[in-house]
Structure formats: C-alpha cells, structure tokens
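All remarks here apply to the structure that follows.
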Amino acid sequence: MTESYQMFPAVVTAVEQLTPLIKRFTFKRQDGQNFPVFSGGSHIIVKMNDKLSNAYSLMSNPKDLSTYQICVRKDIEGKGGSVFMHDQCVKDFQLEVSSPKNLFELSPSGEKHILIAGGIGITPFIPQMDELFFFFSNYELHYAFRAPEHAALLDELKQGPHADKVFSYIDSEGSKLDLNKVIVGQPKGTHVYVCGPKPMIDAVIETCNKNRYRDGNI
C-alpha cells in the first residue's frame with residue numbers, strides 16, 4: 001500500500017478525543033523538516049507498524065506544513081488500523097506517514113462550491129474550506145451527523161472564519177438534510193462535493209442527476 005508513496009519517519013505530538021469514536025492526531029517529522037505541500041482533499045498513508053497501514057484525509061491547514069493532522073474514527077469491525085490508532089497511538093508514538101496524494105480536488109472552474117459531509121466525512125473539507133476562504137470563493141458546508149456527541153469539529157467550525165458558511169443537521173433531533181432544498185436552484189457553475197457514508201453519496205449523486213448536474217460538477 002505504501003510502495004508508491006514517499007514515507008517519512010514521524011512522531012505523534014498530540015492526540016485529542018473529539019467524540020466518543022473519533023480522535024484527532026497531530027504528527028511532525030522526526031528530522032524536524034516540513035512535510036510536503038498538499039492541497040485540500042489530499043490523503044496520506046499512516047504506517048503504524050509492519051502489518052498495519054491506513055489512508056486518512058489530511059485536515060490541517062495547507063499553509064502550515066510543520067505538522068500534519070488527521071481524524072480517525074474507531075471501527076472495531078475494520079482491519080485493525082483504526083483500533084490500533086485509538087488504543088496504541090499515544091503522544092510521542094513513532095510511526096511513518098507518507099507524502100500526500102489528492103483524489104478529491106476542488107474544481108478551479110467552480111463558481112460556487114457546495115460541500116456535503118456525513119460524520120467523519122467532514123475531514124477533507126476542513127482544508128478545502130481554508131482554501132476557499134483564502135481565495136474569497138463562494139461556498140457552503142452542509143454537515144449531517146447522527147447525534148450531538150458525534151459532531152466532530154462542529155464547534156470549531158462555527159467559531160471560526162467559516163461560521164456563516166456552515167449548516168448542520170442532527171438526526172436524533174429530527175433535523176434532516178434535505179438534498180433537494182440544498183441542490184435545487186443553485187446558480188449555474190455550482191459544483192457539488194460529497195464525503196460520507198455510501199447511502200449519502202448515492203443520494204447526492206441521484207439528486208444531482210435529477211437536477212441535471214453532470215458528473216463534472218459532483
């Protein structure tokens with residue numbers, strides 16, 4: 001999995017419990033150098049040991065390369081990487097992180113950007129929002145989650161520079177994300193992005209197709 005990436009020995013500098021199932025990890029390089037440049041939507045490979053490695057979206061600010069940050073949702077039914085990160089990866093733990101790759105880039109041709117996140121799917125949108133804010137772009141984040149205790153990063157988003165761009169939806173409180181309301185009637189040139197559970201992704205694609213958004217706008 002790591003063969004096509006450049007790997008860097010790194011150390012964990014901070015671990016934060018954001019929700020009952022999600023932790024945020026901050027890494028720095030062991031040699032003290034900056035990490036490689038990345039753009040919003042990029043991911044890295046985290047190699048915990050010889051047997052375990054996982055890909056995670058970068059969520060740190062692309063303009064600060066002194067550290068990388070990721071969020072990890074604990075999945076006890078997964079292959080073991082997320083459980084290892086939660087149970088074994090503490091401050092000062094040494095591991096390897098890779099150079100970044102971006103398979104989820106913002107389109108430079110978009111005149112407006114609609115970002116739709118479900119649960120842990122919020123992570124790639126954090127640096128993308130920083131980029132959109134920096135370039136004075138027109139954007140909105142629509143963030144859905146099951147219950148208040150699962151709202152990783154919501155407080156930070158609503159207290160930061162993106163506050164007036166963030167719309168949240170809490171299933172347990174009866175607040176549902178209405179995709180038709182979000183997508184229908186958007187101006188020409190709007191691009192829609194989604195990251196979250198497969199049913200959400202499928203629903204966003206279906207709604208976009210119904211409203212004549214082409215694949216290039218999703």
Side-chain angles (χ1 to χ4, degrees), residues 14 16-19 21-26 35 37-44 56-73 100 102-173 175-179 181-187 189-197 200-201 204 207-208 213 217-218:
E16 303 162 80
Q17 188 86 47
L18 298 183
T19 77
L21 292 177
I22 296 174
K23 286 185 177 182
R24 175 165 56 190
F25 297 87
T26 303
F35 284 109
V37 173
F38 74 97
S39 56
S42 296
H43 69 272
I44 58 171
Y56 296 105
S57 295
L58 281 170
M59 54 173 297
S60 42
N61 192 317
K63 294 193 172 299
D64 180 5
L65 300 175
S66 62
T67 61
Y68 275 171
Q69 281 188 335
I70 63 169
C71 273
V72 179
R73 184 184 187 280
N102 199 335
L103 305 176
F104 190 53
E105 292 181 278
L106 293 170
S107 171
S109 64
E111 296 181 17
K112 184 176 181 180
H113 303 266
I114 302 295
L115 317 177
I116 300 174
I120 193 64
I122 186 64
T123 52
F125 291 132
I126 302 297
Q128 288 184 339
M129 292 171 72
D130 289 335
E131 292 176 337
L132 291 167
F133 178 81
F134 180 79
F135 289 108
F136 303 100
S137 301
N138 187 5
Y139 65 98
E140 298 174 4
L141 172 71
H142 296 268
Y143 181 20
F145 42 90
R146 288 181 294 166
E149 63 268 24
H150 298 292
L153 308 169
L154 182 61
D155 287 344
E156 293 180 21
L157 287 169
K158 288 200 167 182
Q159 294 171 9
H162 312 297
D164 63 340
K165 305 289 190 180
V166 176
F167 303 89
S168 58
Y169 310 86
I170 309 172
D171 286 350
S172 66
E173 297 182 357
S175 175
K176 301 290 186 179
L177 172 59
D178 185 336
L179 292 174
K181 186 176 179 180
V182 170
I183 293 172
V184 174
Q186 292 292 347
T190 298
H191 286 230
V192 179
Y193 309 80
V194 58
C195 186
M200 170 182 274
I201 294 173
V204 170
T207 304
C208 288
Y213 280 76
N217 296 81
I218 296 173

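Hydrogens, waters and symmetry mates are skipped; everything else that's a heavy atom, side chains included, is used.
In this structure, the side-chain hydrogen bond (donor to acceptor under 3.5 Å, both in side chains) partners of Tyr56, at least two apart in sequence or on a different chain, are Asn54. Every residue two or more places apart in sequence or in another chain that forms a side-chain hydrogen bond (donor to acceptor under 3.5 Å, both in side chains) with Thr26 is listed here: Gln69. Scored by the side-chain contact (heavy atoms from CB on, under 4.5 Å) test, Glu173 finds Pro148, Ile170 as partners (sequence neighbours excluded). Checked against side-chain hydrogen bond (donor to acceptor under 3.5 Å, both in side chains), His162 has the following partners two or more places apart in sequence or in another chain: Asp130, Tyr139. Under the side-chain contact (heavy atoms from CB on, under 4.5 Å) criterion, Tyr169 pairs with His142, Ala144, Phe167, Ser175, Leu177, Val182, sequence neighbours left out. Among residues two or more places apart in sequence or in another chain, the side-chain contact (heavy atoms from CB on, under 4.5 Å) test is passed with Pro197 by Pro199, Met200. With sequence neighbours excluded, the residues forming a side-chain contact (heavy atoms from CB on, under 4.5 Å) with Glu149 are Pro20, Ala147, listed by chain and number. Remark: Tyr143 engages Phe145 in a ring-ring contact (aromatic ring centres under 6.0 Å, His included) (not counting sequence neighbours). Lys176 is linked by a salt bridge (charged side-chain N to carboxylate O under 4.0 Å, His left out) to Asp171, counting only residues two or more places apart in sequence or in another chain.
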Run the side chain to side chain contact (heavy atoms under 4.5 Å, CB included) test on Ile70 and Thr123 for me, step by step, so that the C-alpha distance in whole Å, both residues' side-chain angles and the decisive distance to 0.1 Å come before the verdict. CA-CA 8 Å; Ile70 63 169; Thr123 52; over 6 Å; no
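Residue pairs meeting the salt bridge (Lys or Arg N to Asp or Glu O under 4.0 Å) criterion with at least one member in residues 131-143, sequence neighbours excluded: Lys112-Glu140. Among pairs with a residue in residues 62-71, none fulfils salt bridge (Lys or Arg N to Asp or Glu O under 4.0 Å), at least two apart in sequence or across chains. Residue pairs satisfying the side-chain hydrogen bond (donor to acceptor under 3.5 Å, both in side chains) criterion with at least one member in residues 152-161, sequence neighbours excluded, are listed as follows: Arg24-Glu156, Lys158-Ser168.
The minimum heavy-atom distance linking Ile201 with Gly196 is given by the pair CD1-O, 3.4 Å. Between Gln17 and Thr19, the closest heavy-atom pair is NE2-O, 2.7 Å. The minimum heavy-atom distance linking Thr67 with Phe35 is given by the pair C-CD1, 3.8 Å. In terms of heavy atoms, Ala117 sits closest to Leu141 at CB-CD1, 4.3 Å. Smallest separation of non-hydrogen atoms from Val192 and Val204: CG1-CG1, 3.9 Å.
In this structure, Met59 and Leu153 have side chains that are in contact, with non-hydrogen atoms separated by less than 4.5 Å. Residues Leu132 and Leu115 are in side-chain contact: their nearest non-hydrogen atoms beyond the backbone lie under 4.5 Å apart. Phe104 places a side-chain heavy atom less than 4.5 Å from the side chain of Gln128. Counting heavy atoms from C-beta outward, Ile126 and Leu157 have side chains that approach closer than 4.5 Å. Between Tyr68 and Pro100, the closest side-chain pair of non-hydrogen atoms falls below 4.5 Å. Side-chain atoms of Leu154 and Ile122, non-hydrogen and from C-beta on, never get closer than 4.5 Å to each other. Arg73 is listed as a side-chain neighbour of Leu21, based on a closest heavy-atom distance under 4.5 Å. Pro62 has its side chain out of reach of Phe134: every pair of non-hydrogen atoms, C-beta onward, lies at least 4.5 Å apart.
Rounding to the nearest 0.5 Å places SG of Cys71 at 8.0 Å from CD of Glu16. Rounding to the nearest 0.5 Å gives a distance of 8.0 Å between CD1 of Ile44 and OG of Ser60. Note that OH of Tyr193 and CD1 of Ile116 are 12.0 Å apart. Values are rounded to the nearest 0.5 Å. Taking NE2 of His191 as the start and CG of Asn138 as the end, the distance is 12.5 Å to the nearest 0.5 Å. Taking CG of Leu18 as the reference point, atom CD1 of Ile120 lies at 8.0 Å (rounded to 0.5 Å).
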